[in-house]
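All remarks here apply to the structure that follows.
Here the structure is a predicted model, which is why all the values come from computation and not from measurement. Chain letters run A, B, ... following the sequence lines, proteins first, then strands; residues in each count from 1.
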Number of protein chains: 2
Amino acid sequence: MKKAPTIRDVAAAAGVSVSVVSRVLNPESGPVAPAKREQVLSVISELGYRPRAAARELSAGHALTVGLVVTDLANPFFAQLADRVVWEARSHGVQVVVMTTQEDPHLEAESLDTLLDRSVGGVIATPTGGNVEKWDRLRDLGVNVVFVDRAIAELSDVDVVSIENSDSARRATDHLIALGHERIALITGPASTSTGRSRIGGYRAALESASISPDPMLVRDVPFRGDGGGDAVGSLLASPDAPTGLIVANTAQVQSSVRRLVQMGVRIPDDLSVIVFDDNPWTELTSPPLTAIRQPIGMLALHSLELVLGRMQGRLPAGARTIEVMADFVPRSSCAAPARLATSKSATR
Amino acid sequence: MKKAPTIRDVAAAAGVSVSVVSRVLNPESGPVAPAKREQVLSVISELGYRPRAAARELSAGHALTVGLVVTDLANPFFAQLADRVVWEARSHGVQVVVMTTQEDPHLEAESLDTLLDRSVGGVIATPTGGNVEKWDRLRDLGVNVVFVDRAIAELSDVDVVSIENSDSARRATDHLIALGHERIALITGPASTSTGRSRIGGYRAALESASISPDPMLVRDVPFRGDGGGDAVGSLLASPDAPTGLIVANTAQVQSSVRRLVQMGVRIPDDLSVIVFDDNPWTELTSPPLTAIRQPIGMLALHSLELVLGRMQGRLPAGARTIEVMADFVPRSSCAAPARLATSKSATR
DNA sequence: TACAAAAGTGGAACCGGTTCCACTCGGTTA
DNA sequence: TAACCGAGTGGAACCGGTTCCACTTTTGTA
């Protein structure tokens, strides 16, 4: 087991001081005679020298690393987000430390402490909603924070990147209304999250424009974890006045909801028209392929990273920025006009 | 923006030397009087002191970090693997830096250099197959390497964790043979990978046991990236002597293959019986639900991390270890006896 | 030709931990 | 009572970079 060369090894081999080597490594930090620069560079490649990140971090006070804090990578949404973030970060020479919270504020707090130990320059996170003071402390210590997909009401001065939640929910609802649906159910994230509230808002706005009076029983805000989506589907369809259209706007619950629909043998779109917030590749392999709101995950990742890196390099003006990107509406075969039969059936009960 | 307290701040506030604080932090490194220990601990919690990871790394020479090198996190297999690795690592106080290679040896090499800069204690990787000398150099510099899912023939002295590839392929093949299939196609990973070869081996063994002569045209080893699976499906089914059974044993190509089957309107299992190597939750939401070989990803993650951490702590005997875990066979509705019609149709051509 | 400004260089402190070592102080043992 | 041992402590070097500063050598300008 060999030992990796250090900057002093390089200096000695090149017959210069460590200062010169360091200046070759960081060109902005001072002048070096062209001849010596060549000399040093050749010794570096000959020895295979690479500067230790830890040493650089120690003296710089912060690392060229960003933390990515998400619920879990088993969720395709976060997996793809992580994939894009890692990819973009790489092209900027930045590493990504991934932490998962399982939607548990306690684990989230632990993750933030760990990232603080590591002196990360920034954090991209989908916050659980707790730990308000912890996020504040993090920012106070100079860590740049960007929330993605969700925001926290109590932390209004944090950068946020998300899709246009209200607009997306509105478009999905409008689509069903245009097909003739009047009883449209919405399964969405907790009303305590900005995402949940905005999507409910967009849904309500669409109903109001169509002069359909909203039925609170048709709106189900379920937690991001657990089987809340499936349960909501079950209880919605068990109702005597069951909906003819369903929008699953809680990304984490799409799979659970669709699974329940399949298990119950619900015929789509005959019995129920369905729109899901998910661009999982498998949604078009189900039968029928599901009409979906596709979140432009690459854009979310790109903007998040741009914000974090921009702040880290101090090239962004002060003041929190909110970036909302458009989501795509992808019509497939899971929506149709409501069946006469279904309408009369619910009417006769 | 405040400044985080350092060990010297703690020492000063507690009226002791930094040595004492350090010994409180690392109990094995020396004695501390019980009274002073209490004193120091109380100052630590009062100041909210946390040791900087970079400083510790610098003097220790290596970090409490492991690198995870996979193709991409958009692949559910790697996403779940990463999820479990991150989770297990957390419970050991270890952080995970994720790097993706896009199956490109050049990007892989870059990732390894980066991990070296970061002085990671270990690397868990799905190797692309190239960079043999680079992997060697990494190990030579004291980085513990564990390959997961695949091995590299040229690197025989590296720990490997994978499923029982041969056995799994054999079981899938046996299942189709038992149903009466004789023309069974196999889509698998490149024959240059251990995984690909083992699965072909298991498949051939099953055929031989049943005295079915293998047809080389029915075995397609396609790259992990790209649309090789879909193309293979297309060309297999276009053949005058098309198979009645199909095993997709290249995890990365399952989605592409199934997509093509759906696009071509192939009736499953009437026209074709299908078994996939994938435990993607969506495989049971397709119609029909797909019979699958489920890789115990949690086990792969657990064993990989145990190996890496075990080596890092030097509590494992020398010599490479190979761990193969059993995969589950999950029968669903995508397999049936071959249709007479299909048989006669292919016979009449 | 004289002198100021700029380019180039190396020494040394510093970042925040860990660890070796010398030292003091009590209590045992010969 | 002297020699010895171990627990407990603080000083200082060290890990491998970066950066400030003092110093020497060019170069440019009056």
Side-chain angles (χ1 to χ4, degrees), chain A residues 2-41 43-44 47-65 93 116-121 141-142, chain B residues 2-40 43-44 47-65 93 114 116-121 141-142:
Chain A
K2 278 176 267 174
K3 213 174 135 291
T6 73
I7 196 172
R8 290 174 227 271
D9 296 332
V10 174
V16 299
S17 71
V18 292
S19 318
V20 171
V21 180
S22 179
R23 279 194 291 267
V24 170
L25 261 29
N26 314 45
E28 326 76 41
S29 68
V32 179
K36 293 216 172 183
R37 149 165 289 113
E38 288 311 313
Q39 165 111 9
V40 169
L41 286 174
V43 169
I44 285 178
L47 263 51
Y49 166 75
R50 312 207 90 226
R52 226 73 86 246
R56 190 170 275 184
E57 281 174 30
L58 186 55
S59 90
H62 64 94
L64 265 182
T65 305
L116 212 46
D117 299 350
R118 301 208 58 95
S119 318
V120 295
L141 287 166
Chain B
K2 280 175 261 172
K3 211 173 135 294
T6 73
I7 197 172
R8 288 173 228 271
D9 297 331
V10 174
V16 297
S17 72
V18 292
S19 318
V20 172
V21 180
S22 179
R23 280 194 290 266
V24 169
L25 260 28
N26 314 46
E28 326 76 39
S29 67
V32 179
K36 293 215 172 183
R37 152 165 287 115
E38 288 310 314
Q39 165 116 7
V40 169
V43 169
I44 285 179
L47 263 52
Y49 166 75
R50 313 207 91 226
R52 225 73 87 247
R56 190 171 277 182
E57 282 174 30
L58 185 56
S59 93
H62 64 95
L64 265 181
T65 304
T114 301
L116 213 46
D117 299 349
R118 301 210 59 95
S119 318
V120 295
L141 286 165

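The side-chain hydrogen bond (donor to acceptor under 3.5 Å, both in side chains) pairs that include a residue from residues 50-61 of chain B are A:Asp117-B:Arg50, A:Arg118-B:Glu57, where partners are two or more places apart or lie in different chains.
Note on B:Lys36: a side-chain N or O is less than 4.0 Å away from OP1 or OP2 of D:dT9.
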Review item, nucleotides 15-21 of chain C N/O atoms under 3.5 Å of protein N/O:
residue	atom	partner	partner atom	Å
C:dG16	N7	B:Arg8	NH2	3.2
C:dG17	OP1	B:Tyr49	OH	3.3
C:dG17	OP1	B:Arg52	N	3.4
C:dG17	OP1	B:Arg52	NH1	3.1
C:dG17	OP2	B:Ile7	N	2.6
C:dG17	OP2	B:Tyr49	OH	3.3
C:dG17	O5'	B:Tyr49	OH	2.9
C:dG17	N7	B:Arg8	NH2	2.8
C:dG17	O6	B:Arg8	NH2	3.2
C:dT18	OP1	B:Asn26	OD1	3.3
C:dT18	OP1	B:Asn26	ND2	3.3
C:dT18	OP1	B:Arg56	NE	3.0
C:dT18	OP1	B:Arg56	NH2	3.2
C:dT18	OP2	B:Ser22	OG	2.9
C:dT18	O4'	B:Ser59	OG	3.0

Indicate every side-chain donor-acceptor pair of residues 10-31 of chain B with a distance under 3.5 Å to a residue at least two apart or in another chain.
residue	atom	partner	partner atom	Å
B:Ser17	OG	B:Ser19	N	3.4
B:Arg23	NE	B:Pro31	O	3.3
B:Ser29	OG	B:Asn26	O	2.7

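When all heavy atoms of A:Ala4 and A:Asp9 are compared, the pair lying nearest together is O-OD2, 4.4 Å.
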